[in-house]
Amino acid sequence: MYTVLHKRAKGNKGENIACEFITNNGFQVIERNYLKKWGELDIVAKKDNTIHFFEVKSVIGEFSEKHLNTHRPEDNVDGWKIKHLRRIIETYLDEKGGGLETPFQFHILCVYMNINTHRARVKWLKNMIL
(Lines give C-alpha, C1' and ligand atoms only; values in the text may rest on other atoms or scores of the structure.)
Protein backbone atom coordinates (compact mmCIF):
# COMPACT_ATOMS: atom_id res chain seq x y z
CA MET A 1 0.00 0.00 0.00
CA TYR A 2 1.20 3.52 -0.76
CA THR A 3 2.16 5.96 1.92
CA VAL A 4 -0.20 8.90 1.58
CA LEU A 5 1.55 12.24 1.28
CA HIS A 6 -0.11 15.60 1.78
CA LYS A 7 -0.32 17.54 -1.51
CA ARG A 8 2.25 20.15 -0.40
CA ALA A 9 4.62 17.47 0.93
CA LYS A 10 4.35 15.59 -2.40
CA GLY A 11 5.04 18.83 -4.27
CA ASN A 12 8.06 19.66 -2.10
CA LYS A 13 9.51 16.17 -2.54
CA GLY A 14 8.99 16.36 -6.30
CA GLU A 15 10.59 19.81 -6.47
CA ASN A 16 13.59 18.57 -4.46
CA ILE A 17 14.03 15.72 -6.95
CA ALA A 18 13.60 18.17 -9.85
CA CYS A 19 16.25 20.52 -8.41
CA GLU A 20 18.71 17.66 -8.11
CA PHE A 21 17.89 16.60 -11.68
CA ILE A 22 18.45 20.03 -13.21
CA THR A 23 21.58 20.66 -11.13
CA ASN A 24 22.97 17.37 -12.46
CA ASN A 25 22.20 18.70 -15.96
CA GLY A 26 24.37 21.80 -15.47
CA PHE A 27 21.79 24.35 -14.29
CA GLN A 28 22.23 26.67 -11.33
CA VAL A 29 19.03 26.96 -9.28
CA ILE A 30 18.56 30.63 -8.43
CA GLU A 31 15.04 30.63 -6.98
CA ARG A 32 12.35 28.26 -5.74
CA ASN A 33 8.68 28.95 -5.19
CA TYR A 34 8.68 32.54 -6.45
CA LEU A 35 5.18 33.58 -5.39
CA LYS A 36 2.85 36.43 -6.26
CA LYS A 37 -0.94 36.72 -5.90
CA TRP A 38 -1.42 35.64 -9.52
CA GLY A 39 0.89 32.68 -9.62
CA GLU A 40 3.98 30.79 -8.59
CA LEU A 41 7.15 29.66 -10.32
CA ASP A 42 8.33 26.31 -8.99
CA ILE A 43 11.99 26.60 -9.99
CA VAL A 44 14.01 29.34 -11.67
CA ALA A 45 17.46 28.35 -12.88
CA LYS A 46 20.23 29.71 -15.04
CA LYS A 47 22.46 28.11 -17.65
CA ASP A 48 24.49 29.66 -20.46
CA ASN A 49 23.18 33.20 -19.80
CA THR A 50 19.58 32.03 -20.22
CA ILE A 51 16.96 31.98 -17.47
CA HIS A 52 15.00 28.72 -17.31
CA PHE A 53 11.60 28.41 -15.67
CA PHE A 54 10.55 24.91 -14.57
CA GLU A 55 7.00 23.87 -13.76
CA VAL A 56 7.10 20.65 -11.73
CA LYS A 57 4.26 18.12 -11.76
CA SER A 58 4.69 15.27 -9.30
CA VAL A 59 2.78 12.00 -9.11
CA ILE A 60 3.07 9.00 -6.81
CA GLY A 61 2.61 5.35 -7.71
CA GLU A 62 4.22 2.19 -9.02
CA PHE A 63 4.91 3.25 -12.59
CA SER A 64 5.72 0.93 -15.43
CA GLU A 65 6.71 2.12 -18.90
CA LYS A 66 3.03 1.77 -19.84
CA HIS A 67 1.97 4.13 -17.03
CA LEU A 68 4.67 6.66 -17.92
CA ASN A 69 3.18 6.91 -21.39
CA THR A 70 -0.51 6.99 -20.40
CA HIS A 71 -0.55 9.06 -17.21
CA ARG A 72 0.36 12.57 -18.35
CA PRO A 73 0.80 15.03 -15.46
CA GLU A 74 1.82 17.68 -18.01
CA ASP A 75 -1.83 17.75 -19.11
CA ASN A 76 -2.48 19.66 -15.88
CA VAL A 77 -0.61 22.59 -17.43
CA ASP A 78 -3.74 23.76 -19.22
CA GLY A 79 -4.78 27.10 -20.74
CA TRP A 80 -5.62 28.68 -17.38
CA LYS A 81 -2.29 27.57 -15.89
CA ILE A 82 -0.34 28.79 -18.93
CA LYS A 83 -2.01 32.20 -18.70
CA HIS A 84 -0.89 32.53 -15.07
CA LEU A 85 2.59 31.20 -15.83
CA ARG A 86 3.00 33.73 -18.63
CA ARG A 87 2.07 36.57 -16.26
CA ILE A 88 4.30 35.39 -13.40
CA ILE A 89 7.26 34.91 -15.79
CA GLU A 90 6.77 38.46 -17.09
CA THR A 91 6.66 39.70 -13.49
CA TYR A 92 9.84 37.80 -12.60
CA LEU A 93 11.72 39.08 -15.65
CA ASP A 94 10.62 42.67 -14.95
CA GLU A 95 11.57 42.40 -11.29
CA LYS A 96 14.76 40.34 -11.39
CA GLY A 97 15.77 39.41 -14.89
CA GLY A 98 16.26 42.56 -16.91
CA GLY A 99 12.88 42.66 -18.63
CA LEU A 100 11.30 40.76 -21.49
CA GLU A 101 14.44 41.07 -23.63
CA THR A 102 16.14 38.56 -21.33
CA PRO A 103 16.64 35.16 -23.01
CA PHE A 104 14.49 32.57 -21.26
CA GLN A 105 12.95 29.13 -21.73
CA PHE A 106 10.04 27.37 -20.07
CA HIS A 107 10.12 23.65 -19.27
CA ILE A 108 7.87 21.11 -17.60
CA LEU A 109 9.36 18.41 -15.38
CA CYS A 110 7.13 15.43 -14.60
CA VAL A 111 8.40 13.63 -11.50
CA TYR A 112 7.13 10.08 -11.06
CA MET A 113 7.80 8.97 -7.48
CA ASN A 114 7.51 5.49 -6.04
CA ILE A 115 7.35 5.98 -2.27
CA ASN A 116 7.68 2.24 -1.57
CA THR A 117 10.95 1.83 -3.48
CA HIS A 118 12.19 5.40 -2.87
CA ARG A 119 12.92 5.78 -6.58
CA ALA A 120 11.88 8.50 -8.98
CA ARG A 121 11.87 9.16 -12.71
CA VAL A 122 11.86 12.55 -14.35
CA LYS A 123 10.37 13.32 -17.76
CA TRP A 124 11.63 16.63 -19.15
CA LEU A 125 9.52 18.53 -21.67
CA LYS A 126 11.98 21.10 -22.98
CA ASN A 127 11.42 24.67 -24.15
CA MET A 128 7.63 24.67 -24.19
CA ILE A 129 5.76 27.51 -25.88
CA LEU A 130 3.70 29.70 -23.57
Side-chain angles (χ1 to χ4, degrees):
M1 201 59 165
Y2 300 114
T3 305
V4 177
L5 281 181
H6 183 273
K7 186 177 179 180
R8 184 70 248 168
K10 177 180 75 168
N12 287 341
K13 182 131 181 92
E15 287 176 15
N16 289 340
I17 292 166
C19 281
E20 182 178 345
F21 176 83
I22 63 174
T23 300
N24 289 342
N25 279 280
F27 293 85
Q28 176 191 2
V29 174
I30 55 177
E31 186 122 21
R32 285 185 64 177
N33 306 114
Y34 174 81
L35 183 63
K36 297 291 182 188
K37 291 180 195 177
W38 50 90
E40 177 182 15
L41 295 170
D42 293 333
I43 302 170
V44 182
K46 193 168 191 177
K47 183 177 181 181
D48 301 329
N49 295 317
T50 300
I51 296 179
H52 297 266
F53 299 98
F54 291 90
E55 176 69 14
V56 180
K57 293 297 179 190
S58 304
V59 291
I60 295 174
E62 291 182 19
F63 298 103
S64 65
E65 286 301 319
K66 177 184 172 191
H67 285 103
L68 290 174
N69 293 324
T70 59
H71 183 78
R72 296 172 38 102
E74 63 270 23
D75 289 341
N76 293 326
V77 184
D78 58 14
W80 181 88
K81 180 73 173 178
I82 289 170
K83 178 182 174 184
H84 287 269
L85 283 165
R86 195 177 299 128
R87 184 171 177 205
I88 194 73
I89 287 171
E90 288 174 2
T91 302
Y92 184 90
L93 291 173
D94 283 343
E95 188 178 291
K96 298 187 177 193
L100 294 177
E101 301 304 316
T102 304
F104 74 92
Q105 293 183 356
F106 172 73
H107 313 277
I108 301 172
L109 294 176
C110 302
V111 180
Y112 297 87
M113 298 180 289
N114 185 320
I115 299 300
N116 296 327
T117 63
H118 302 286
R119 297 191 55 138
R121 284 186 141 172
V122 177
K123 180 169 72 171
W124 183 2
L125 302 171
K126 297 179 183 181
N127 200 15
M128 306 297 294
I129 297 172
L130 290 173

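Worth saying up front: this structure is predicted, and the values here are computed from it rather than measured. When a residue number appears, it is its place in the shown sequence, counting from 1.
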Inset, instruction - Specify the closest pair of heavy atoms between Ala120 and Val111, including all atoms of both residues, with the distance to one decimal. - result: CB-CG1, 4.5 Å
Inset, instruction - Verify, without hydrogens or angle tests, whether His52 (side chain) and Lys46 (backbone) share a donor-acceptor contact under 3.5 angstrom. - result: no
Legend entry - 4.5 Å side-chain heavy-atom contact, Ile88 and Glu40: no
Legend entry - For Gly99 against Asp94, the heavy-atom pair lying closest together: CA-OD1, 3.9 Å
Legend entry - Sequence-distant partners of Tyr34, ring pair (Phe, Tyr, Trp, His ring centres under 6.0 Å), two or more places apart: Tyr92
Inset, instruction - Report the C-alpha separation of Asn33 and Glu15 in whole Å, then their side-chain angles, then the decisive distance to 0.1 Å, and conclude whether the side-chain contact (heavy atoms from CB on, under 4.5 Å) test is met. - result: CA-CA 9 Å; Asn33 306 114; Glu15 287 176 15; 3.0 Å; yes
Legend entry - Nearest-0.5 Å distance that lies between atom CG in Leu35 and atom CG in Asp42: 10.5 Å
Inset, instruction - Look up atom CD1 in Ile89 and atom OG1 in Thr102, then write down how far apart they are to the nearest 0.5 Å. - result: 12.0 Å
Inset, instruction - Sequence neighbours left out, what passes side-chain hydrogen bond (donor to acceptor under 3.5 Å, both in side chains) with Lys81? Give chain and number order. - result: Glu55
Inset, instruction - Taking all heavy atoms of Leu93 and all of Phe104, pick out the closest pair and write down the distance. - result: CD1-CD2, 3.6 Å
Legend entry - Listed partners of Asn25 passing side-chain contact (heavy atoms from CB on, under 4.5 Å), at least two apart: Phe21, Phe27, Trp124
Legend entry - Approximate separation, where rounding is to 0.5 Å, of Ile43 CD1 and Leu109 CG: 6.5 Å
Inset, instruction - Go through the structure and list residues passing side-chain hydrogen bond (donor to acceptor under 3.5 Å, both in side chains) with Lys36, not counting sequence neighbours. - result: Glu95
Inset, instruction - Using a cut-off of 6.0 Å, state whether more than 12 heavy atoms not belonging to Asn24 lie near its atom CG. - result: yes
Inset, instruction - Output all residues satisfying side-chain contact (heavy atoms from CB on, under 4.5 Å) with Lys37, sequence neighbours left out; order by chain, then residue number. - result: none
Legend entry - Euclidean distance, Leu125 CG relative to Phe106 CZ, rounded to 0.5 Å: 9.5 Å
Inset, instruction - Calculate, to the nearest 0.5 Å, the distance between atoms CZ and CD belonging to Phe54 and Gln105 respectively. - result: 8.5 Å
Inset, instruction - Could you tell me whether the side chain of Ile22 reaches within less than 4.5 Å of the side chain of His107, counting heavy atoms only? - result: no
Legend entry - Nearest-0.5 Å distance that lies between atom OH in Tyr112 and atom CD1 in Ile17: 13.5 Å
Legend entry - 4.5 Å side-chain heavy-atom contact, Ser58 and Met113: yes
Inset, instruction - Tell me, with the steps shown, if Asn16 and Arg32 meet side chain to side chain donor-acceptor pair (under 3.5 Å). - result: CA-CA 10 Å; Asn16 289 340; Arg32 285 185 64 177; 2.8 Å; yes
Legend entry - Thr91: side-chain hydrogen bond (donor to acceptor under 3.5 Å, both in side chains) partners, not counting sequence neighbours: Trp38
